[in-house]
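Written below as structure tokens is the structure these notes are about.
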There are 2 protein chains.
Amino acid sequence: MVVARRKLTDNKKTTRARPAKGRILDAAERLFAQHGFYGVSVRDITDAAGVDVALVSYHFGGKRELFTAVFQRRAELLNAERLEMLEGVRRAALPGVPTLEAIVNAFSYPLLERSARGGPGWKSYFALVAQVNNSPEWGPVLMTQHFDPLVERFIAVMREALPTCPAQEIYWGYQFLTGALTLTFAETGRIDKLSGGLCKSSDLDSVHERLAPFVAAGFRALCASREAAKPGGP
Amino acid sequence: MVVARRKLTDNKKTTRARPAKGRILDAAERLFAQHGFYGVSVRDITDAAGVDVALVSYHFGGKRELFTAVFQRRAELLNAERLEMLEGVRRAALPGVPTLEAIVNAFSYPLLERSARGGPGWKSYFALVAQVNNSPEWGPVLMTQHFDPLVERFIAVMREALPTCPAQEIYWGYQFLTGALTLTFAETGRIDKLSGGLCKSSDLDSVHERLAPFVAAGFRALCASREAAKPGGP
DNA sequence: CCGGCTATTCAACAGTCGTTGAATTCATTA
DNA sequence: TAATGAATTCAACGACTGTTGAATAGCCGG
């Protein structure tokens with residue numbers, strides 16, 4: 001990415017609102033989400049943050065470490081919230097099991113809610129996750145490292161709710177769910193053009209209303225067709 | 001991307017199997033799919049192709065044009081095949097309408113089949129599409145330009161098959177479908193680890209068996225819930 | 001053998017890349 | 001106030017970036 005580099009001979013010692021480390025993280029989050037890891041230079045980031053180039057190496061060790069720091073920053077908070085909601089719907093359904101819709105919502109709602117009303121930083125973060133999730137270079141490392149513990153718990157609850165369903169079906173259903181969810185976070189505006197303005201990528205409330213019914217029905221269909229395929233069916 | 005650059009003082013004038021232009025396209029396809037546009041240098045590509053650096057500018061005009069050429073190359077063939085299959089299932093169902101499963105299959109099967117058994121070039125191509133589709137920088141331009149005409153036809157047939165369903169539901173359903181499909185193409189291997197080897201990202205036949213039932217059920221659920229929400233329902 | 005054309009090679013350009021070491025500033029404590 | 005250690009600035013390094021113009025090789029019809 002090449003842009004006119006802002007002159008900053010001014011505002012050098014003026015009272016800076018926030019410390020440099022956070023400013024760098026914010027700028028990196030936004031730019032990495034737009035152009036990817038290699039599409040952004042360290043100078044792009046530090047210029048946008050209004051700090052010196054050397055501070056990236058000083059605070060984070062290097063560009064690569066900055067990238068993972070950006071990815072980590074919001075992951076724990078997010079997963080804690082999702083886990084809490086997941087266990088909440090599980091407890092609320094005892095001694096039975098929660099509906100598939102409730103489980104999917106526990107998985108997706110905290111993300112959609114933050115992306116919709118958490119501010120531009122969160123919006124950028126999820127766009128970054130969307131790119132990472134679909135990247136063979138970064139996906140296996142970063143997604144597995146930061147999200148798999150929660151995903152395993154999610155799948156375990158899903159299996160409780162579908163006790164007769166083969167495990168593979170749950171995993172494939174999860175893959176379809178996360179694919180649909182991450183493309184939503186990318187907010188490329190493609191659906192806006194396709195629908196002639198009828199739908200808007202940024203309308204995450206509409207997604208929230210529709211994702212759980214869509215995915216839950218998909219799970220049921222998956223399990224039903226596989227159970228029917230088993231020998232000795234009903 | 002930084003790798004040791006191969007010395008090629010040899011094999012300069014030896015009989016070269018295929019012309020340079022195609023070799024460049026193949027190498028670019030593979031490397032762009034792995035690391036993205038900015039993650040690969042022109043020299044990475046030409047070294048992998050065994051040709052001179054200057055040939056990229058000579059044959060394509062520049063790196064950017066090479067990228068779009070890679071993206072274009074297989075798009076028309078693909079869309080022609082999908083359109084033919086789509087119209088085929090439509091005709092076969094006359095005077096009625098095709099099942100949702102058949103429509104989804106016409107949309108996804110040609111892609112899955114090529115990715116599974118079309119050779120490494122096709123596999124790379126779909127991994128590239130997965131990244132582009134989730135990129136705010138490239139997605140709106142490339143996906144819209146090369147795939148939207150087919151998508152519009154696909155959605156039109158979908159609406160014929162669901163005549164009472166509001167248009168928005170079809171568009172959202174399409175977004176979920178394409179998200180699930182493109183993440184599948186990324187083949188990041190994440191589901192392999194999650195499932196402990198039970199599922200394999202590369203097993204596109206399993207995806208083919210499951211995607212249509214999953215998505216068709218999702219569409220039906222979407223339309224049903226929206227019709228029920230209409231005033232004066234049954 | 002010639003001229004013309006395309007394809008390829010080579011060398012080099014100006015600019016950008018990530019990183020670093022030394023110098024400087026800042027806030028806090030002794 | 002002096003000292004300390006962290007935070008920031010500055011200048012620069014060697015390597016790599018995409019692109020280009022001139023030179024060369026190969027081929028085909030005359």
Side-chain angles (χ1 to χ4, degrees), chain A residues 1-29 31-32 34-70 137-138, chain B residues 1-29 31-32 34-70 137-138:
Chain A
M1 193 185 65
V2 179
V3 292
R5 214 166 297 285
R6 179 163 69 97
K7 272 290 188 186
L8 41 83
T9 43
D10 48 320
N11 86 344
K12 283 211 289 194
K13 290 284 151 295
T14 70
T15 57
R16 182 143 303 147
R18 297 188 26 231
K21 196 167 180 177
R23 295 171 61 94
I24 291 174
L25 281 169
D26 290 343
E29 187 171 60
L31 292 172
F32 282 146
Q34 286 175 357
H35 309 289
F37 177 76
Y38 298 108
V40 180
S41 74
V42 175
R43 284 175 177 84
D44 289 332
I45 297 168
T46 53
D47 286 359
V51 303
D52 191 87
V53 209
L55 288 183
V56 166
S57 291
Y58 177 77
H59 281 296
F60 299 95
K63 186 188 180 184
R64 217 169 191 88
E65 290 86 349
L66 169 60
F67 189 68
T68 68
V70 167
E137 183 174 10
W138 302 100
Chain B
M1 190 184 64
V2 179
V3 293
R5 216 166 294 285
R6 180 163 70 97
K7 272 289 186 186
L8 41 83
T9 43
D10 48 320
N11 86 343
K12 285 211 286 193
K13 291 281 149 296
T14 69
T15 58
R16 183 143 300 148
R18 298 191 20 233
K21 195 167 179 178
R23 296 171 60 94
I24 291 174
L25 280 169
D26 290 343
E29 186 172 58
L31 292 171
F32 282 147
Q34 286 175 357
H35 309 288
F37 177 76
Y38 299 108
V40 180
S41 74
V42 175
R43 284 173 177 83
D44 289 332
I45 296 168
T46 53
D47 286 359
V51 302
D52 191 87
V53 211
L55 287 183
V56 166
S57 291
Y58 177 76
H59 281 296
F60 300 95
K63 186 187 181 185
R64 216 167 193 89
E65 289 86 350
L66 170 60
F67 189 68
T68 67
V70 167
E137 184 176 9
W138 303 100

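Throughout, a chain's letter reflects where its sequence line sits, starting with A, and its residues are numbered from 1. Please read these numbers as outputs of a predicted model, since none were measured by experiment.
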In dot-bracket form, 5' to 3', how is DNA chain C paired? Count Watson-Crick and G-U wobble pairs only if both distances fall under 3.5 Å, and write | where the partner sits on another strand.
|..|||||||||||||||||||||||||||
[N] [atom2] sits how many Å from [X] [atom1], rounded?
| X | N | atom1 | atom2 | result |
| --- | --- | --- | --- | --- |
| F60(B) | dT19(D) | CZ | C1' | 16 Å |
| D47(B) | dT9(C) | CG | C1' | 14 Å |
| D44(B) | dT19(D) | CG | P | 14 Å |
| R43(B) | dA15(D) | CZ | P | 14 Å |
| D52(A) | dA6(D) | CG | C1' | 16 Å |
| L55(A) | dA11(D) | CG | P | 15 Å |
| R64(A) | dC17(C) | CZ | P | 17 Å |
| Y38(A) | dC16(D) | OH | P | 15 Å |

For R43(A), is there any backbone N or O sitting under 3.5 Å from a side-chain donor or acceptor partner on T46(A)?
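Yes: the side chain of T46(A) pairs with the backbone of R43(A).
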So, the side chain of K63(A) versus the backbone of F37(A): is there a donor-acceptor pair under 3.5 Å, distance only?
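Yes, because the side chain of K63(A) sits within donor-acceptor range (under 3.5 Å) of the backbone of F37(A).
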When rounded to the nearest 0.5 angstrom, what is the spacing between [atom1] in [X] and [atom2] in [Y]?
| X | Y | atom1 | atom2 | value |
| --- | --- | --- | --- | --- |
| D52(B) | D47(B) | CG | CG | 9.5 Å |
| K21(B) | L66(B) | NZ | CG | 10.5 Å |
| F60(A) | I24(A) | CZ | CD1 | 5.5 Å |

By the 4.0 Å heavy-atom rule, please label V53(A) as base, sugar-phosphate, or nothing.
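If one applies the 4.0 Å heavy-atom cut-off, V53(A) turns out to touch a base.
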Give the ring-plane orientation class for F67(B) versus F32(B), where under 30° counts as parallel, over 60° as perpendicular and anything between as tilted.
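Correct class here is perpendicular.
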Shortest non-hydrogen contact from R64(A) to E137(A)?
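For R64(A) versus E137(A), the nearest heavy atoms are NH2-OE2, 4.2 Å.
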Taking OP1 and OP2 of [N], is either one under 4.0 Å from a side-chain nitrogen or oxygen of [X]?
| X | N | answer |
| --- | --- | --- |
| Y58(B) | dT8(C) | no |
| S41(B) | dT17(D) | yes |
| H59(B) | dT8(C) | yes |

Side chain of A54(B) (C-beta onward), nearest among dG21(C), dT19(D), dT20(D):
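Output: dT20(D).
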